[in-house]
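Take a look at the structure below.
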Amino acid sequence: MQIGKDTTLRLTLVDDSAEDAEAIVSTLRNGGIAVRPLRPLDAGELGQMVASQPMDLLLASRTAKGIPLATVLAQVDGSGKDIPVIVLADAITETDLLADQAAGARAVALRGRPDHVLTVLRREWADLDARRSQRRLEGQMRETERRCDALISSSRDPIAYIHEGMHIRANDAYLEMFGFESFEDVEGLSLLDLVGPQYVSDFKALLKKLSKGEPPPPRFELEARSLDGDSFPATLEFATATYEGEPCVQVVFRRREEFDPELAREVEDLRQRDMVTGLLNRPTFLRELETAVAAVARGEDQYGLLLVEPDHYQRLLADIGIDSADDLAAALAARLSEKLDDSCIAARFGERTFAVLLRGNHAHTAALAEKLRAAYASHVFNVGERSASVTASLGGVQIGEKIASVGPVLTRATDCLQAATNLGGNRFEIFDPGAVDRAEEERVQNWIQRLREALQDDSFRLHYQPVVSLQAEPGEVYEALLRLESNGEIVQPQSFIGIAEDNGLLDAIDRWVVNRAIEVLAERKRNGHDTRMVVKVSPASFADNRLLDLIARQLAAHDVPGDRLWLQTPEAKVFTHLRQAQAFQTAAAKLGCHVGLEHFGAGLDSFQLLSHFQPTFLKIDRVFSEDLGRNAEHQQKIREIAERAQALGIVTVAEHVQDAATMAFLFTANVDYVEGNFLAAPGPLMNYDFS
């Protein structure tokens, strides 16, 4: 398994010490693993998590007393889920290792050895992913075997499965060929009993070769014998197969017409046709569809599937008479065939449903659908002595890699057919799995172009929200918030920041924002304002000296003190980019700039981070400000953050303040600064009265 930024480890930690648990989370994040941690406080909470929460690995301390290791292993084992339990131990002894594994633990990791913890977790996570992949493949295999078995059962070809020369499976066509009434009559019967005496010796030798694992020949001609003793020439076709998980050989018996091969071909063609319409029958069409789906899955071709049904069928039957239903089906099929070329495969798929398989892309499939719709709508059908105008609804699907199996393909086509019918008929609906991807790719590319143009033509804008001191600190503080001006409208960053991050544009945007912020600070200074500005910085800029060089150059050029620029970055990003963040903070501090953490408090134990990273200020995560007047848990969390930050000499900022009650509480909790729409909404002007 490739563990990287696009995968998140869902990790449950059982440890009496929250600090130790956070240290492990920090170790994983420093190792490049994104973690979504859980930490139950008692056995009941663990049981609920195991039962309801998706989790990948469970790391349990051997010395935990709150939830003993034996309890952890028993609950995981009783859940029936594949959740690897890794024991966290101070040392590994042979006795403990054997006892842990006997109780169900998958591995042991050494506490205090980060490299070993990382190695063990990576290995167990990779093994888990391999097991999950195997189960998915086994499920897909079972579904494929089920569909194949259904196709074989309905096939007109006589097919049997042979293991060590004995019958273990045979379809109805096979039983009919040899005169058996049910499979019980042939089960366990040797295939040699159905072979003419003069071919027994050669055929026995062939069976011996097959039992040794040698590949079967593609064809074998002999004389077969039915149950009543009649003989007939036959050709056997072999293929290796499995049945109920056991290796076997699939044998297809074809009656060989020695004197009239043309007649044999005609008979075979009739077996594949619907007798009323002359189109392919459903089993034959499904085999063609399986082949097309497999080709698409391999990336070898493009196919579309259309299902066609006449509108208001019951009313049509009432008009023309039920005795003319076959005539109506034949007339509808004839009109369908008139409009198809040799590259299309058509079938009668149901009583009144026709299916068309065609090669080509979505545009080609849609064009044919419209052609068929118009062909029905413009035609008068003669059915016996009556005539009728018939419209049709069509449902289709463009077969793609994401739905490259027969079941989902038919489901999508049926759903589209139903949608076309429900909308009044005489229309078509086609599902194209690639359309969403293409539209999304086009949207992303448009945004990338717009962002690059915005960097070039300076169409980004900064809006400002005041950050107000509760402790009567002098001066003014604003947070700079990025906006994009597009066609006279102001676009919020939520619309484009994710795309910018995925496409390597965040560092350039960071530099634009910081450069503009310093320019504004210089303007404010010239106008006599003691202004400080809070600016967001992304991890893309941590290891990029261009931002630090820009800050140094612009501060000097505009004669702006470094302490007027406050740079903030999310707590979670610092966890996963700790070394780069430490280096960035050290370099920024030399320039006099303040570096802080936003969204603080959202981690498993955010204060653990402060032993590795010393910010100048903390912006408390906005979730704790919501409904603060009535939420005692959030009140306690804010008090704890404020007290511990004050002890460390770190300034605290509470954002998303929405009411006076929240303001009053934050003041009593000794929070230093507040920000939110209750004070002032963000805007393009810096006109808040801080006095």
Side-chain angles (χ1 to χ4, degrees), residues 1 3 7-29 31 33-139 142 602-605 608 633:
M1 176 177 179
I3 299 173
T7 55
T8 300
L9 172 63
R10 296 169 296 191
L11 177 67
T12 300
L13 297 114
V14 175
D15 200 323
D16 292 339
S17 170
E19 288 75 14
D20 289 347
E22 185 62 53
I24 291 170
V25 173
S26 180
T27 295
L28 298 179
R29 287 170 171 160
I33 299 177
V35 184
R36 187 177 301 156
L38 295 171
R39 180 172 169 264
L41 299 179
D42 53 47
E45 188 176 359
L46 173 64
Q48 292 178 353
M49 288 181 179
V50 170
S52 60
Q53 294 278 1
M55 61 180 68
D56 299 313
L57 301 178
L58 196 155
L59 188 61
S61 171
R62 181 183 286 141
T63 58
K65 294 182 173 56
I67 311 177
L69 178 60
T71 301
V72 173
L73 293 169
Q75 289 198 1
V76 171
D77 182 62
S79 72
K81 296 182 177 180
D82 186 0
I83 304 174
V85 177
I86 301 169
V87 177
L88 188 64
D90 296 320
I92 299 177
T93 65
E94 181 179 350
T95 301
D96 289 337
L97 178 63
L98 293 175
D100 292 340
Q101 291 182 340
R106 299 277 307 188
V108 178
L110 282 171
R111 188 193 298 273
R113 296 286 298 275
D115 291 344
H116 187 247
V117 173
L118 275 171
T119 299
V120 172
L121 287 175
R122 286 180 183 275
R123 185 188 66 231
E124 292 302 323
W125 196 13
D127 289 348
L128 174 66
D129 185 67
R131 293 195 299 276
R132 288 172 173 171
S133 296
Q134 181 178 354
R135 287 194 289 269
R136 286 194 295 270
L137 289 173
E138 288 174 349
R142 287 192 295 270
L604 184 63
D605 189 352
Q608 179 65 31
E633 182 180 351

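Along the sequence shown, the residues carry numbers beginning at 1. Being a predicted model, the structure only gives us computed values, none of them experimental.
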(request) For residues Ser52 and Lys81, report the shortest heavy-atom separation together with the two atoms involved. (result) N-NZ, 4.2 Å

(request) Heavy atoms only: give me the nearest Thr12-Met55 pair and the separation to one decimal. (result) OG1-CE, 3.3 Å

(message) Using side-chain heavy atoms (C-beta onward) and a distance below 4.5 Å, is Leu128 in contact with Glu124?
(response) no

(request) Using the side chain to side chain contact (heavy atoms under 4.5 Å, CB included) rule, pick out the option among Leu38, Leu46, Leu11 that qualifies with Leu58. (result) Leu46

Output side-chain donor-acceptor pairs under 3.5 Å for residues 69-77, partner residues at least two apart or in another chain, one line each.
unit_1	atom_1	unit_2	atom_2	d
Gln75	OE1	Gly47	N	3.0
Gln75	NE2	Ala43	O	3.2

(message) Using side-chain heavy atoms (C-beta onward) and a distance below 4.5 Å, is Arg122 in contact with Ile33?
(response) yes

(request) Any chance you could measure Glu22, atom CD, to Asp15, atom CG, to the nearest 0.5 Å? (result) 12.0 Å

Ignoring hydrogens and angles, write down the donor-acceptor pairs under 3.5 Å from the side chains of residues 88-97, residues two or more places apart or on other chains.
unit_1	atom_1	unit_2	atom_2	d
Asp90	OD1	Arg111	NE	3.4
Thr93	OG1	Asp96	N	3.2
Thr93	OG1	Asp96	OD2	3.1

(request) State whether the side chain of Lys65 and the backbone N or O of Asp16 hold a donor-acceptor pair below 3.5 Å, judged by distance alone. (result) no

(request) List in chain and number order the residues that pass side-chain hydrogen bond (donor to acceptor under 3.5 Å, both in side chains) with Ser79, two or more places apart in sequence or in another chain; answer none if no residue qualifies. (result) none

(message) Side chains of Asp127 and Pro84, heavy atoms from C-beta outward: is any pair under 4.5 Å?
(response) no

(request) Go through the structure and list residues passing side-chain hydrogen bond (donor to acceptor under 3.5 Å, both in side chains) with Arg10, not counting sequence neighbours. (result) Asp56

(message) If you define the side chain from C-beta out and look only at heavy atoms, does anything of Leu13 sit under 4.5 Å from Pro37?
(response) yes

(message) For the CZ atom on Arg131, are there more than 12 heavy atoms of other groups (residues, nucleotides or ligands in this structure) within a distance under 6.0 Å?
(response) yes

(request) Not counting sequence neighbours, which residues clear side-chain hydrogen bond (donor to acceptor under 3.5 Å, both in side chains) with Thr119? List them please. (result) none

(request) Before giving the answer on side chain to side chain contact (heavy atoms under 4.5 Å, CB included), spell out for Leu110 and Val117 the whole-Å C-alpha distance, their side-chain angles and the decisive distance to 0.1 Å. (result) CA-CA 6 Å; Leu110 282 171; Val117 173; 5.8 Å; no

Please output the side-chain donor-acceptor pairs of residues 98-107 that fall under 3.5 Å, not counting sequence neighbours, one pair per line with the distance.
unit_1	atom_1	unit_2	atom_2	d
Asp100	OD2	Arg62	NE	3.4
Asp100	OD2	Arg62	NH2	2.3

(request) Using the side chain to side chain contact (heavy atoms under 4.5 Å, CB included) rule, pick out the option among Val85, Ile83, Ile86, Val120 that qualifies with Leu57. (result) Ile86

